[in-house]
2 protein chains.
Amino acid sequence: MPTTPDSGPGGPSRRRASGGRRRPGPRRRLSLELIVDTAIELVEARGLSALSMRSLAERLGTAPGTLYTYVANRSALEALILDAVVARDGLPHELPGTWLEKLETWARKDWVTFREKPWVMELRRANPDFGPASVIWLDSALRVFDGTELPAQVKLDMIDALDAYVLGAATVDVQSNGRAPGPSPELSGKLDEAQLKVPTLFQALSTGATPFSASGFEFGLHCLLAGFRAIAEETRDAPPQAP
Amino acid sequence: MPTTPDSGPGGPSRRRASGGRRRPGPRRRLSLELIVDTAIELVEARGLSALSMRSLAERLGTAPGTLYTYVANRSALEALILDAVVARDGLPHELPGTWLEKLETWARKDWVTFREKPWVMELRRANPDFGPASVIWLDSALRVFDGTELPAQVKLDMIDALDAYVLGAATVDVQSNGRAPGPSPELSGKLDEAQLKVPTLFQALSTGATPFSASGFEFGLHCLLAGFRAIAEETRDAPPQAP
DNA sequence: TATAATTCTGAACAGTGTTCAAAGATGCAA
DNA sequence: TTGCATCTTTGAACACTGTTCAGAATTATA
């Protein structure tokens, strides 16, 4: 189904069957781009929870139902928003350094983005669809490995693994934000009880160690990348079955 | 369980101030345990989206408002549900093998749970609170390292990193479930266009490689654990600053 | 100018979490 | 036993949510 660029991909009425002539009906007062941009403004200002079809419509000066002429439903709108912010600042393959260094700074950049804009993370988690920008992003991620002898599947697996780790770590981090970074208040409240019931945890915390530490993300990132490097060296030393 | 089993910790009215004598008022017809168990039944049968204060109240034969005498709000209810299913089947330190093997099979077990019961994963993502069972679980996770010379912070970092990876990977996996495991339909639909715009991705997919592959989780797990092992060996060869 | 097609509006529907006054139930003291 | 204070339950209500839909308004074409 060749959806025309004029009316949105999710819009119920497909105007201009690639012919070009406008079909009867009043002119559209909005556009997909305007809707998505306004939605992003709204989310950026007041968080994802402040985005509703009603609030968005109000900001646009229309009735809520009007939006459904441009977008199939809220889920489709979120997909558009996500695709609009994917790869907003640079693509992975444009980064400097070796392929490992590119992976590293890309992961770190995503980590920063997720922490600064949790709504991007929430959208990514809730929306499985791969929009055009996401496809281009994946292509760019693969280009990071240009000049490497790794099998395509390994490249994809590395991308996925790194992506999963960053997503998971950011999720946990955003969750535990605002909580005490020191010994958890739950435990410090009943110290003697903790010493009895969870002695190992108690002892670990009393050394000054803390779960969800600031160094936590870097630690896991380092480990994962070390594993990547090892795999790459193995592959180089023992090339594919058919030499 | 230190909290009196009668009235819940989240209940607005704290009955029996550990004195013992009942205070005036009708007998409670429900209990926290009953509420949580029924909620779990409901979720297990029809998914997390089927759980609402109304549906739960109906299943319990009461009015929705009644639930708020036992639980502060929906979020608190979810926390109770989560804590009730955490470590349902075994604790990490009870697993066989070396500490690395314990970590590995624990991660794999969580992975399986998350895929089979996505609602557990959703609850974990949405609920930052560490309930009593979660604290015990963390204690058990630390005991995995018993007999190891690793610093407490490293142990916690390893636990967090592994946890984050499993959570992220399961999230992505559950998302992309139901989608074609082969070349994405979006791309195969417009092959010639893909060949032009995203040649690297196109080429990778044409070799039979696929993103979100079945092997993806195991790959990342392997890499992460390899990193752990390397760190552990480093630490053993170069013990802490003050020998 | 008439017709068909499209958009926009405003009300409505079913659902959500949550609150609250009133009613009923219970223990205790007088 | 009577009265009272306290607690639980109820059912209605509030403010939301996404979504649908008949009707009104607008536009291009025959």
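Throughout, protein chains are lettered first and strands after them, A, B, ... in sequence-line order, and every chain is numbered starting at 1. Values below: every heavy atom of this structure, side chains too, minus hydrogens, waters and symmetry copies.
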For this session: Would you mind listing every salt bridge (charged side-chain N to carboxylate O under 4.0 Å, His left out) that reaches into residues 74-85 of chain A, with sequence neighbours excluded?
Result: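 Counting only pairs at least two positions apart or across chains, the salt bridge (charged side-chain N to carboxylate O under 4.0 Å, His left out) contacts touching residues 74-85 of chain A are Arg74(A)-Glu78(A).
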Which pairs would a plain distance check flag for residues 30-45 of chain A, meaning a side-chain donor or acceptor within less than 3.5 Å of a matching protein atom at least two apart in sequence or in another chain?
from     : atom 1 : to        : atom 2 : distance (Å)
Ser31(A) : OG     : Leu34(A)  : N      : 3.1
Thr38(A) : OG1    : Leu34(A)  : O      : 2.4
Glu44(A) : OE2    : Lys117(A) : NZ     : 2.6

Exercise. What string of B, S and - do you get for nucleotides 8-17 of chain C, 5' to 3', when a contact is any protein heavy atom under 4.0 Å?
Worked result: SBB-B---BB
For this session: Would you sort out whether Thr171(A) and Arg125(A) count as a side chain to side chain donor-acceptor pair (under 3.5 Å), showing the intermediate values?
Result: CA-CA 9 Å; Thr171(A) 299; Arg125(A) 275 196 315 231; 3.0 Å; yes
Exercise. Which side-chain hydrogen bond (donor to acceptor under 3.5 Å, both in side chains) pairs, counting each pair once, include a residue from residues 51-61 of chain B, with sequence neighbours left out?
Worked result: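 For residues 51-61 of chain B: Ser52(B)-Ser55(B).
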For this session: Round to the nearest Å and state the distance from Glu58(B) atom CD to dT10(D) atom C1'.
Result: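 In whole Å, dT10(D) C1' lies 15 Å from Glu58(B) CD.
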For this session: Look at the rings of Phe212(A) and Phe130(B) and say which category their plane angle falls in: under 30° parallel, 30 to 60° tilted, over 60° perpendicular.
Result: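 It falls in the perpendicular class, over 60°.
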Pairwise N/O distances under 3.5 Å, protein to nucleotides 28-30 of chain C:
from    : atom 1 : to       : atom 2 : distance (Å)
dC28(C) : OP1    : Arg21(B) : NE     : 2.9

Problem set entry | Side-chain donor or acceptor of Arg46(A) paired with backbone N/O of Ser49(A) under 3.5 Å |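 No, because the side chain of Arg46(A) does not come within donor-acceptor range (under 3.5 Å) of the backbone of Ser49(A).
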For this session: List in chain and number order the residues that pass side chain to side chain contact (heavy atoms under 4.5 Å, CB included) with Glu218(A), two or more places apart in sequence or in another chain; answer none if no residue qualifies.
Result: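 In terms of side chain to side chain contact (heavy atoms under 4.5 Å, CB included), with neighbours along the sequence ignored, Glu218(A) is linked to Arg108(A), Leu221(A).
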Exercise. Would one find a side-chain N or O of Arg23(B) under 4.0 angstrom from OP1 or OP2 of dT6(D)?
Worked result: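 Checking dT6(D) against Arg23(B), no side-chain N or O comes under 4.0 Å of OP1 or OP2.
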Exercise. For the residue pair Trp137(B) and Trp106(B), is the inter-centroid distance of their aromatic rings smaller than 6.0 Å?
Worked result: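 Trp137(B) vs Trp106(B): aromatic centres under 6.0 Å.
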